[in-house]
Colleague: 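I'd like to ask you about the structure that follows.
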Amino acid sequence: MENNAVDRITRSFEVALPEMQTLHEYLAFLLFSPDTNIRQWSEDLSETDFYVVEGGKPWLQIQDRDNAFETVLHFFNPNGEYLLVVEGNVSRGKWRLLDNTNKMIIEQGQGRSEMYELAFLSETFFILRKHGGYAVGKKPNFLVLGHERVVARLEWRDYVELLFNTYRSQNKSFNNLLIFFVVLVVIVLLLSVFR
């Protein structure tokens, strides 16, 4: 009986993922909404062991475009080597971090370079936001990546759901701690009343 009451209380604190139409809308909700703000559980770009692995860690690009059928992989290798693999065709470039920031420059060759800011990083998720786009009404441009081993067969909405589970798991831990604290306070109050 007690477990059912605790389960009901815990479920009342859970936040459902609202229905949205685009990957951008979901990312804005998950990364920048004060209700979710999963960025607080992100690693920093300086913690390169999350995305740089000797021999390469394949990061699969996630897109919500209807015509995005090609497989795009990104590799951030040691010594600043960057590989972009589109349907098996490899382009070489370089990546580097800007000191004391969460910003990365990706040089893709032929004079093309782009600067990104970290939006979220974990073992599974690597989301970069292209610098700029802060004007009112202008949407930021995200480079949305997932560790290929984990997200290879996921549709973009499933990727978002998996990312949202980061929030759910952290939120559930907080809720369980909150419930424990409330129960503890109630017990202390009851003991003080019946003394």
Side-chain angles (χ1 to χ4, degrees), residues 17-32 38-39 41-98 101-134 138-167:
L17 185 61
E19 187 68 30
M20 297 180 183
Q21 299 303 311
T22 67
L23 181 57
H24 167 80
E25 290 172 332
Y26 278 116
L27 291 176
F29 172 73
L30 292 173
L31 298 169
F32 305 110
I38 65 169
R39 289 184 306 156
W41 296 295
S42 175
E43 306 301 334
D44 289 330
L45 282 177
S46 61
E47 300 174 83
T48 58
D49 53 319
F50 282 92
Y51 59 97
V52 178
V53 176
E54 191 66 45
K57 182 174 183 178
W59 291 97
L60 181 65
Q61 187 168 337
I62 306 297
Q63 303 175 59
D64 64 353
R65 295 189 333 246
D66 290 336
N67 59 353
F69 298 112
E70 57 193 17
T71 301
V72 179
L73 293 175
H74 299 257
F75 291 84
F76 300 88
N77 292 332
N79 302 316
E81 180 187 46
Y82 171 74
L83 300 177
L84 176 65
V85 183
V86 180
E87 288 297 317
N89 298 313
V90 180
S91 300
R92 293 182 184 277
K94 294 200 172 286
W95 67 270
R96 67 183 172 99
L97 301 180
L98 297 177
T101 70
N102 256 330
K103 293 177 176 47
M104 172 187 282
I105 293 178
I106 299 175
E107 299 171 8
Q108 299 174 351
Q110 300 170 355
R112 184 172 175 209
S113 296
E114 296 177 317
M115 184 167 72
Y116 291 94
E117 299 173 318
L118 180 66
F120 189 81
L121 173 62
S122 70
E123 287 286 337
T124 302
F125 305 102
F126 192 7
I127 304 171
L128 297 168
R129 182 171 81 169
K130 193 168 181 181
H131 185 70
Y134 301 114
K138 187 173 180 185
K139 295 179 182 177
N141 186 3
F142 290 104
L143 177 57
V144 183
L145 307 172
H147 187 197
E148 183 187 32
R149 184 183 47 139
V150 179
V151 303
R153 291 185 168 68
L154 298 182
E155 296 291 327
W156 69 269
R157 290 181 196 268
D158 298 325
Y159 173 94
V160 168
E161 187 72 34
L162 188 61
L163 180 61
F164 187 58
N165 285 339
T166 300
Y167 169 74

Colleague: For the atom pair CG (L83) and CD (Q108), what is the distance rounded to the nearest 0.5 Å?
Modeller: 11.5 Å

Colleague: Is the shortest side-chain heavy-atom distance between F29 and F164 below 4.5 Å?
Modeller: yes

Colleague: Considering the options L84, V53, V85, which one meets the side chain to side chain contact (heavy atoms under 4.5 Å, CB included) requirement together with F75?
Modeller: V85

Colleague: Tell me the closest heavy-atom pair linking F32 and R129, and the distance in Å.
Modeller: CZ-NH1, 3.3 Å

Colleague: With rounding to the nearest 0.5 Å, note down the distance linking OG1 in T48 to CG in N77.
Modeller: 12.0 Å

Colleague: For Y82 together with F76, are the ring centres under 6.0 Å from each other?
Modeller: yes

Colleague: What residues form a salt bridge (charged side-chain N to carboxylate O under 4.0 Å, His left out) with E107, not counting sequence neighbours?
Modeller: R96

Colleague: Mind listing the closest non-hydrogen atom pair of L118 and E43 along with its distance?
Modeller: CD2-O, 3.0 Å

Colleague: Can you measure from CG (L97) to CG (L45) and round to the nearest 0.5 angstrom?
Modeller: 5.5 Å

Colleague: For K103, what residues pass the side chain to side chain donor-acceptor pair (under 3.5 Å) criterion, not counting sequence neighbours?
Modeller: E117

Colleague: Considering non-hydrogen atoms only, spot the tightest contact between W59 and E123 and give its length.
Modeller: CH2-O, 3.6 Å

Colleague: Applying side chain to side chain donor-acceptor pair (under 3.5 Å), can you list everything that pairs with E161, at least two apart in sequence or on another chain?
Modeller: R168

Colleague: In residues 144-154, what donor-acceptor pairs under 3.5 Å come from side-chain atoms, sequence neighbours left out?
Modeller:
none

Colleague: By ring pair (Phe, Tyr, Trp, His ring centres under 6.0 Å), which residues pair with F125, not counting sequence neighbours?
Modeller: Y159

Colleague: Kindly compute the distance separating CG (L98) from CE (M115), expressed to the nearest 0.5 Å.
Modeller: 6.5 Å

Colleague: Please give me the minimum heavy-atom distance between A119 and F142, naming the atom from each residue.
Modeller: CB-CE2, 4.3 Å

Colleague: Roughly how far apart are L163 CG and L23 CG, rounded to 0.5 Å?
Modeller: 9.5 Å

Colleague: Any donor-acceptor pair under 3.5 Å linking the side chain of K57 with the backbone of D49?
Modeller: no

Colleague: Looking at R39, I'd like to know if its CZ atom is crowded, meaning that more than 12 non-hydrogen atoms belonging to other residues, nucleotides or ligands lie closer than 6.0 Å.
Modeller: yes

Colleague: Taking salt bridge (charged side-chain N to carboxylate O under 4.0 Å, His left out) as the definition, give me every residue that meets it alongside E87, ordered by chain and number, with sequence neighbours left out.
Modeller: none

Colleague: Could you work out, with side chain to side chain donor-acceptor pair (under 3.5 Å) as the rule, every residue matching Q61, not counting sequence neighbours?
Modeller: H74

Colleague: Not counting sequence neighbours, which residues clear ring pair (Phe, Tyr, Trp, His ring centres under 6.0 Å) with F120? List them please.
Modeller: none

Colleague: Going by the rule side chain to side chain contact (heavy atoms under 4.5 Å, CB included), which residues pair with S46 if we only count those two or more places apart in sequence or in a different chain?
Modeller: D44

Colleague: Quick check on E155: does its CD atom have over 12 non-hydrogen neighbours (other residues, nucleotides or ligands) under 6.0 Å away?
Modeller: no

Colleague: Applying side chain to side chain contact (heavy atoms under 4.5 Å, CB included) to E19 and R157, what does each step give before you reach the verdict?
Modeller: CA-CA 10 Å; E19 187 68 30; R157 290 181 196 268; 3.6 Å; yes

Colleague: Sequence neighbours left out, what passes side chain to side chain contact (heavy atoms under 4.5 Å, CB included) with E54? Give chain and number order.
Modeller: P78

Colleague: Please identify each residue that fulfils side chain to side chain donor-acceptor pair (under 3.5 Å) with Y116, with sequence neighbours left out.
Modeller: E114

Colleague: Locate the shortest heavy-atom distance separating I105 from S113; write the atom from each residue and the value.
Modeller: CG2-CB, 4.3 Å

Colleague: So, taking the atom named CG in L121 and the one named CH2 in W41, what distance separates them when rounded to the nearest 0.5 Å?
Modeller: 15.5 Å

